[in-house]
Amino acid sequence: RIIQHSNNEDIDMDSNASGQLKLDGNGYTAGFALNATALNIYHNASSRGIIFGTNETERLRIDSNGRVLIGHDTTPAPVASVAVVGSYGGSSNLTPFVYLCRDENISDGITNNESLGQILFASKDGYRGAVIEANAAGAWSSSSSDGYLVFKTTPDNTTVPEERLRITSGGKVGIGTDNPNQELSIWNSSPAIRLVDTDPYEAGAYGQITQSGGVLQLLADSGNTSSH
């Protein structure tokens, strides 16, 4: 172990080891290495993780598979890359949450259509397949923080996500439009809603509501030879 007798005492690293502090114990080796890229923390145990804690309590763990676990030493979903387990506020009755926020306060001036945060589904080199984005729906104040959600997907043969669905601050849903004026608004050259029966005796039978050229059409079991 290393004991410091003074708060101003430095721990010297061997210059021949490229700034590496090596720790040995219980048959395992760990180290801190400083190079031109970053400060590296690692160990050689294939079945042990790296634990970070405060107040003598574990808060975060990187397990031996490289998964990040917050609030627990195991993950309920083995395939998860990041798992948040626990509760907020020190009560087991409260659920954990992930908080995304702009790096500014209301007094700094959050205005209409400013992005509040995004979840991007992409490749490592930045090609996006889908996006969920939250935006301010007006100028924010201490009495109003209205917002809306936008869902985007990337079409075939392009790399730019396009808006597909929007939920306004008033709870209205728009498909193909960014300004729905009813609880559900669908904009398309020939919009349609299909209702498909999954009952095993009527599997594949469906009803459909379509609109074209100002004419509303109701179809029942269209194309089904056993329809009635």
Side-chain angles (χ1 to χ4, degrees), residues 60 68-71 75-77 79-91 93-196 198 206-219:
L60 183 148
V68 178
L69 313 177
I70 302 174
T75 173
V79 297
S81 299
V82 178
V84 180
V85 181
S87 59
Y88 172 76
S91 171
N93 296 323
L94 299 177
T95 57
F97 63 85
V98 177
Y99 200 91
L100 302 178
C101 63
R102 290 180 62 86
D103 189 19
E104 61 179 352
N105 298 316
I106 289 178
S107 58
D108 298 321
I110 299 177
T111 59
N112 186 40
N113 293 323
E114 281 195 327
S115 178
L116 304 173
Q118 299 183 26
I119 301 176
L120 284 75
F121 305 87
S123 60
K124 188 169 65 173
D125 51 357
Y127 289 92
R128 298 163 295 166
V131 178
I132 301 175
E133 182 177 359
N135 299 278
W140 280 22
S141 68
S142 59
S143 60
S144 178
S145 57
D146 48 340
Y148 61 90
L149 283 174
V150 175
F151 296 80
K152 301 178 180 180
T153 61
T154 303
D156 191 20
N157 296 319
T158 185
T159 59
V160 180
E162 296 182 6
E163 179 174 336
R164 305 301 186 184
L165 184 146
R166 176 177 298 216
I167 303 176
T168 70
S169 60
K172 295 178 180 179
V173 177
I175 300 176
T177 175
D178 60 5
N179 187 29
N181 52 17
Q182 299 296 330
E183 282 69 22
L184 174 61
S185 296
I186 302 176
W187 286 47
N188 196 285
S189 57
S190 296
I193 298 176
R194 176 172 292 192
L195 308 175
V196 180
T198 60
Y206 66 87
Q208 185 165 298
I209 304 173
T210 63
Q211 190 282 135
S212 179
V215 178
L216 182 67
Q217 297 178 329
L218 302 178
L219 307 176

Can you tell me how far the CG atom of Asp108 sits from the CG atom of Asp103, to the nearest 0.5 Å?
8.5 Å
Name all residues meeting the side-chain hydrogen bond (donor to acceptor under 3.5 Å, both in side chains) criterion together with Thr210; count only those two or more places apart in sequence or in a different chain, and write none if there are none.
Gln217
Identify, with sequence neighbours excluded, every residue that meets side-chain hydrogen bond (donor to acceptor under 3.5 Å, both in side chains) alongside Ser141.
Ser143
Minimum heavy-atom distance Ile186-Pro191, with the two atoms named
CG2-CB, 3.9 Å
Can you tell if the side chain of Leu165 reaches within under 4.5 Å of the side chain of Val173, non-hydrogen atoms only?
yes
Heavy atoms, side chains only, cut-off 4.5 Å: are Leu149 and Asn135 in contact?
no
Closest heavy-atom pair, Thr168 versus Tyr148, reported as atoms and distance to 0.1 Å, is CA-CB, 3.9 Å
Any non-hydrogen side-chain atom of Ile70 less than 4.5 Å from a side-chain atom of Val68?
yes
May I ask you to decide if Ser115's main-chain N or O and Arg102's side chain share a donor-acceptor pair within less than 3.5 Å?
yes
Set of salt bridge (charged side-chain N to carboxylate O under 4.0 Å, His left out) partners for Glu162, sequence neighbours left out:
Arg164
Would you name the heavy atoms of Ala130 and Thr154 that are closest together and state the gap between them?
N-OG1, 4.4 Å
So, taking the atom named CD1 in Ile106 and the one named OG in Ser145, what distance separates them when rounded to the nearest 0.5 Å?
6.0 Å
Tyr99 versus Cys101, closest heavy-atom pair with distance
CE2-CB, 3.7 Å
side-chain hydrogen bond (donor to acceptor under 3.5 Å, both in side chains) against Glu163, all qualifying residues, sequence neighbours excluded:
Arg166
Please check if the side chain of Asn188 supplies one atom and the backbone of Ser190 the other of a donor-acceptor pair under 3.5 Å.
yes
With sequence neighbours excluded, tell me which residues meet salt bridge (charged side-chain N to carboxylate O under 4.0 Å, His left out) with Lys172.
none
Shortest non-hydrogen pair, Pro161 vs Thr159, comes out as CD-O, 3.7 Å
From Leu184 atom CG to Ile175 atom CD1, the distance as rounded to the nearest 0.5 Å
5.5 Å
Atom CD1 in Ile193, atom CG in Leu218: separation rounded to 0.5 Å?
10.5 Å
Shortest non-hydrogen contact from Trp187 to Thr177?
CD1-CG2, 3.4 Å
Can you list every side chain to side chain donor-acceptor pair (under 3.5 Å) pair that touches residues 120-130, not counting sequence neighbours?
Ser123-Asp125
Heavy-atom check, side chain of Ser185 versus side chain of Asn181, under 4.5 Å
yes
Are Ile167 and Phe151 packed together at the side-chain level, in the sense that at least one heavy-atom pair is separated by less than 4.5 angstrom?
yes
Full working for side chain to side chain contact (heavy atoms under 4.5 Å, CB included) between Ile209 and Leu216:
CA-CA 7 Å; Ile209 304 173; Leu216 182 67; 3.8 Å; yes
Are any of the side-chain heavy atoms of Val150 and Ile132 separated by less than 4.5 Å?
no
So do Ile119 and Val131 actually touch side chain to side chain, heavy atoms under 4.5 Å?
no
